[in-house]
Student: 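Below is the structure I would like to discuss, written out as structure tokens.
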Amino acid sequence: MELGKTFDPKQHEAAIYGAWEKSGGFAPRPPGADSLGPFTIMIPPPNVTGVLHMGHALNNTIQDIVIRHRRMQGYEALWLPGTDHAGIATQAVVEKKLLKEQGKKREALGREAFVAEIWKWKEEHGTAILEQLRRLGASCDWSRTRFTLEAGMSEAVRESFVRLWEKGLIYRGARLVNWDCVLETAVSDDEIEMVTRKDKLYFLRYPVEGQTGRTVSVATTRPETMVGDTGVAVHPQDERYRDLVGKFLTLPLIGRRIPVVADESVERKFGTGAVKITPGHDPADYERGQRFHLPIVSVLTKDGKLNEEGGPFAGMPREKARTAILAALEEQGLLEKTEELEHNVPLSDRSKSIIEPMVSEQWFVKMAPLAGPAIEAVRSGQLRFVPERWTKVYLDWLLNVRDWCISRQLWWGHRIPVWYDEDSVPFASRTDLAIGSPHPITKKPIVRQDEDVLDTWASSYLWPFATLGWPAKSEDLARFYPTQFLSTARDIIYLWVARMVMAGYEFIDPKTVQAAKNGADVRCPFSVVNIHATVLDAQGRRMSKSLGNGIDPIEMIEKYGADAVRLSLILLTNEGQDVKLSPDRFDQGYRFANKVWNATRFVLANLDGGNPEVSRDPAAFDTLEDQWIVTRRNVTLANVSKALDEYRFNDAASELYAFIWNDFCDWYLELAKGRFTDSATDSARTARGVLASVLSDTLAMLHPFMPFLSEVLWEALGEKLARKQPLLMNTRWPSSKDAALGGSWMQSMETIQTLVRAVRNVRALTMLGERTPLAATIVAKDGADRQVLTQHQNTCKTIAFLSEITVAESASRPPASAVAVAGTIEVIVQLTSDVDLSKLKEVLEKRLAKGKSGIEALERKLSNAAFVEKADPGIVAGERARLQEIRVENELIARNLAGM
RNA sequence: GGGCGAUUAACUCAGCGGCUAGAGUGCCUCCCCUACACGGAGGAAGUCGUGGGUUCGAAUCCCUCAUCGCCCACCA
């Protein structure tokens with residue numbers, strides 16, 4: 001295979017991905033002697049209506065890194081994909097389409113036909129987001145793709161519902177729920193968003209019964225709800241109203257007699273200190289109403305109009321009713337005044353319309369009994385959040401958990417498996433009950449099934465095991481449950497993560513899953529929850545559709561390639577810290593991809609037929625740079641492995657990046673060039689072996705991060721090395737177990753690097769050409785340095801383009817010379833012509849000043865008895881050595897400056 | 001109101017008790033040399049948000065304040 005001069009992702013991605021899928025490498029490897037056991041990740045199922053955004057791109061990159069790493073290590077790695085039916089969102093999309101294309105509302109179609117329409121839409125468009133995940137390189141086992149509304153999931157949903165029902169954890173009741181008047185459904189507390197906006201506070205006068213002319217003013221932001229008022233509350237200690245408690249007021253416009261009650265919850269300082277009580281349309285009033293047994297009057301219809309309770313205003317939409325009611329009150333002199341007010345309005349996450357609290361019959365799940373084990377799971381360490389701080393968020397919610405409203409007035413979703421007889425006695429059943437069949441308890445005929453469907457989360461909270469076949473005792477369930485890793489966004493810790501944990505503890509029978517490892521509770525659905533960074537735009541705002549500030553990952557993949565997008569995201573996000581992103585940030589990933597591409601091209605160009613397998617032990621080599629790069633490879637391998645094991649993706653990627661660019665490319669490849677001038681030598685042969693070995697391991701380490709690039713290059717390298725298997729799964733993660741991590745060669749190489757940099761420094765500052773041959777005298781006080789430099793003087797000569805090297809313990813600088821000082825090493829360069837030393841002087845002066853302040857700081861520190869006494873002896877010794885070094889360096893600089 | 005996070009180079013971020021505080025981008029100078037100009041070499045650039053405290057020692061730990069962001073709660 002010929003590699004072009006630059007990496008062109010488009011040329012490879014589709015083909016590579018196709019080959020991976022065809023190879024079956026995304027499926028978990030079969031159990032066997034060499035297997036490390038199962039390792040499972042369940043994808044957070046994106047909405048079927050979804051489009052891949054940057055958050056998905058980041059999250060799925062993270063999951064793919066983990067699963068590819070585990071797969072290469074030898075685990076039976078399963079990453080199970082799927083989508084969520086997303087009740088409200090999907091129904092809304094199809095409703096809109098229906099209205100636009102056929103001008104029909106869903107009611108015109110009827111339930112069955114409408115749901116069929118949605119399925120049709122799902123079949124056509126429901127895989128779009130999964131295709132986008134493929135573009136990203138996600139190595140999911142597509143053969144196991146699941147959907148939260150498919151048959152198997154329905155069975156799981158029914159089983160879970162009936163079990164909770166049988167335990168008495170499900171109840172139906174009239175409660176104040178959050179009503180979305182646009183979508184005409186209840187939504188849960190977790191699906192509303194409070195938005196601060198400028199509003200008006202209206203002061204309404206309510207006449208006191210039997211005291212002509214006397215009124216009580218109440219302040220409200222929602223005057224239209226006054227028709228539902230059934231009381232007015234004041235604070236018990238409020239002198240202004242004390243005499244009125246127990247008396248009655250006349251509700252204007254309606255004429256209802258409403259009592260004045262005394263309640264602690266009233267804030268005396270706010271408004272007039274008297275608050276109208278509308279139990280049917282306000283959560284706080286609902287509670288006050290309960291306390292004083294006030295009647296509940298519902299005044300709104302499901303689509304947000306005033307109902308018959310609204311008297312003359314019946315039938316008006318809520319906004320219109322407000323204006324009309326205010327006008328009517330004004331006319332009667334009962335609108336005292338209006339004030340500006342900043343306050344919070346609840347908006348529906350879905351429709352963005354104002355939520356109306358409304359009393360309605362809904363199904364609820366009692367959460368307290370389910371929360372217990374989920375709390376215990378993190379306390380006992382079964383479950384761990386990364387970063388750890390999210391534990392508190394999770395716990396706070398669970399400790400104050402409220403019952404979960406699970407019914408939704410939609411058509412798209414799992415229909416509630418409850419049937420009623422003619423007396424409306426409900427029964428929850430695992431199997432459909434035919435109309436007319438006897439009610440299992442009352443024996444009276446069944447007349448109808450509940451019309452409502454379940455909240456989407458009431459199916460997706462079963463995701464970790466329902467996807468594996470539960471409630472059946474399937475092989476997959478036994479093998480792949482519980483999972484090891486979950487990565488998700490912080491905003492669904494309550495909606496999804498916590499509920500999955502509850503579900504695991506509630507529904508999983510330990511006997512149906514694999515034997516517990518080291519005493520872990522196998523019911524807990526995952527052991528690590530990774531909460532990834534939130535991707536913000538360049539101004540630090542959330543990326544959102546309405547702002548239009550999103551960066552489309554697919555567009556970025558088109559431009560920079562999937563590998564670049566993946567690596568850039570990982571390099572930019574650290575420990576789940578929010579990240580500000582602009583499109584040009586992906587450049588770093590692409591540049592790096594190109595660097596690796598070209599480094600591989602160089603290696604390939606120099607490999608020939610005889611490329612010996614070389615040792616992983618640096619001591620097996622006798623050339624310094626070989627010993628050094630093999631050691632550096634081993635250290636990198638150990639660090640990257642450790643970081644990945646600890647889910648520190650950014651650390652792992654940074655480590656690899658630096659190794660490849662700074663060590664492998666900048667130094668080893670440059671040094672290797674010199675050895676290939678005669679490719680028949682032993683030195684060249686060894687270099688070929690080292691290049692092949694180090695590059696192979698490097699590509700393997702890079703694979704989880706940049707799968708396409710590494711696979712293409714691996715394949716190209718494989719041609720030269722008679723190696724056939726794709727990197728995807730047949731190669732094990734290189735082992736760092738018995739690799740040496742240190743050695744004197746690290747020190748020696750550093751000395752050489754120091755020298756070379758010093759020479760380059762002189763050349764750059766004096767405008768001597770980079771390659772003009774120069775004669776250099778190297779003055780090194782340290783015997784070990786002298787030995788290294790003498791021994792490796794040929795290497796130094798080659799890479800620093802020196803014609804001659806003299807190593808000495810001391811020497812004085814002749815007039816026609818330039819000098820560089822690096823640590824305790826001094827490099828004196830003979831000059832044959834006049835050069836401008838001013839720039840060099842300037843830099844040396846700056847270094848001298850900096851050194852001085854360093855010396856002062858260290859001297860202060862070391863003359864401090866307390867430091868020497870209390871600090872770790874190793875640190876004291878280190879500081880002494882450092883001081884000594886800076887002193888020597890500064891002396892050298894000072895002496896040389898004096899002669900310039 | 002309660003909680004969490006952030007504040008370090010022009011920009012985006014690392015560093016989280018002991019290096020003369022780092023990286024990438026940008027900037028300046030030089031360089032197409034048998035991988036890569038999407039590159040190489042060198043350089044300039046920081047009172048580590050403010051004010052206190054703990055400590056021999058603080059960018060790092062504690063407290064105060066400020067600014068920005070997020071989450072929870074919800075004075076009608």
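This is a predicted model, so every value here is computed, not measured. Naming: A, B, ... by sequence-line order, numbering from 1 per chain.
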Student: Categorize K852(A) for me: base, sugar-phosphate, or nothing, with a 4.0 angstrom heavy-atom threshold over every strand shown.
Tutor: nothing

Student: Mind checking M194(A) for me? I need base, sugar-phosphate or nothing, with any heavy atom below 4.0 Å counting as a touch.
Tutor: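 M194(A): base contact, heavy atoms under 4.0 Å.
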
Student: Strictly below 4.0 Å, N to O, side chains only: are K580(A) and D537(A) in salt-bridge contact?
Tutor: no

Student: Scan R541(A) against the nucleic acid and name what it touches under 4.0 Å (heavy atoms): base, sugar-phosphate only, or nothing.
Tutor: nothing

Student: Any base atoms under 4.0 Å from K839(A), or only sugar-phosphate, or nothing? Heavy atoms, all strands.
Tutor: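 Counting heavy atoms under 4.0 Å across all strands, no contact is made by K839(A).
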
Student: Ignoring hydrogens and angles, are the base of G40(B) and the side chain of E770(A) linked by a donor-acceptor pair under 3.5 Å?
Tutor: yes

Student: Looking for any heavy atom pair under 4.0 Å, which part of the strands does Y560(A) touch: base, sugar-phosphate only, or nothing?
Tutor: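 No contact at all - Y560(A) keeps every heavy atom at 4.0 Å or more from the nucleic acid.
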
Student: Using only heavy-atom distances, decide whether a donor-acceptor pair under 3.5 angstrom links the side-chain of R389(A) to the base of C4(B).
Tutor: no

Student: Using the salt bridge (Lys or Arg N to Asp or Glu O under 4.0 Å) definition, which of the options R887(A), K852(A), R880(A) pairs with E859(A)?
Tutor: R887(A)

Student: Any chance the rings of W661(A) and Y657(A) have centres within less than 6.0 Å?
Tutor: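 Yes, they do, as the ring centres are separated by less than 6.0 Å.
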
Student: Over all strands shown, is K269(A) touching base, sugar-phosphate only, or nothing at heavy-atom distances under 4.0 angstrom?
Tutor: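 Touches nothing.
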
Student: Test for a donor-acceptor pair under 3.5 Å between the base of A23(B) and the side chain of Q588(A), counting only N and O atoms.
Tutor: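 Side chain to base: no pair present.
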
Student: Could you check whether E670(A) gets within reach of a base, just the sugar-phosphate, or nothing at all, counting any heavy atom under 4.0 Å?
Tutor: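 If one applies the 4.0 Å heavy-atom cut-off, E670(A) turns out to touch a base.
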
Student: Please classify the nucleic acid contact of L581(A) as base, sugar-phosphate, or nothing, using heavy-atom distances under 4.0 Å.
Tutor: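 Answer is nothing: L581(A) stays at 4.0 Å or more from every strand.
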
Student: Looking only at atom C1', what distance separates C11(B) and G46(B), rounded to whole Å?
Tutor: 14 Å

Student: Base, sugar-phosphate, or nothing: which does R760(A) touch, judged by heavy atoms less than 4.0 Å apart?
Tutor: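 Since only primed, P, OP1 and OP2 atoms lie under 4.0 Å of R760(A), the category is sugar-phosphate.
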
Student: Once you apply the 3.5 Å cut-off to both distances, tell me the Watson-Crick or G-U wobble partner of G39(B), or none.
Tutor: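 Across all strands, the one nucleotide that pairs with G39(B) is C31(B).
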
Student: May I ask you to say what N344(A) touches in the nucleic acid, namely base, sugar-phosphate or nothing, with a heavy-atom cut-off under 4.0 Å?
Tutor: base

Student: Under 4.0 angstrom, heavy atoms only, what part of the nucleic acid is R402(A) near: base, sugar-phosphate, or nothing?
Tutor: sugar-phosphate

Student: Taking any strand in view, what nucleotide pairs with A73(B) in a Watson-Crick or G-U wobble way, both distances under 3.5 Å?
Tutor: none

Student: What about the rings of F385(A) and W390(A), do their centers lie closer together than 6.0 Å?
Tutor: no

Student: Over all strands shown, is T220(A) touching base, sugar-phosphate only, or nothing at heavy-atom distances under 4.0 angstrom?
Tutor: sugar-phosphate

Student: C61(B) pairs with which nucleotide, Watson-Crick or G-U wobble, both distances below 3.5 Å?
Tutor: G53(B)

Student: With heavy atoms under 4.0 Å as the rule, sort K580(A) into base, sugar-phosphate or nothing.
Tutor: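 Answer is sugar-phosphate: K580(A) comes under 4.0 Å of backbone atoms only.
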
Student: Would the base of C36(B) count as contacting K5(A) through its side chain, where contact means a donor and an acceptor less than 3.5 Å apart?
Tutor: no

Student: With a 3.5 angstrom cut-off on both distances, give the Watson-Crick or G-U wobble partner of C13(B), or none if there isn't one.
Tutor: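 Partner of C13(B): G22(B).
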
Student: Could you tell me whether E575(A) and R648(A) have a side-chain N and a carboxylate O separated by less than 4.0 Å?
Tutor: no

Student: Pairing check on C68(B): which nucleotide meets the Watson-Crick or G-U wobble criteria with it, both distances under 3.5 Å?
Tutor: G5(B)

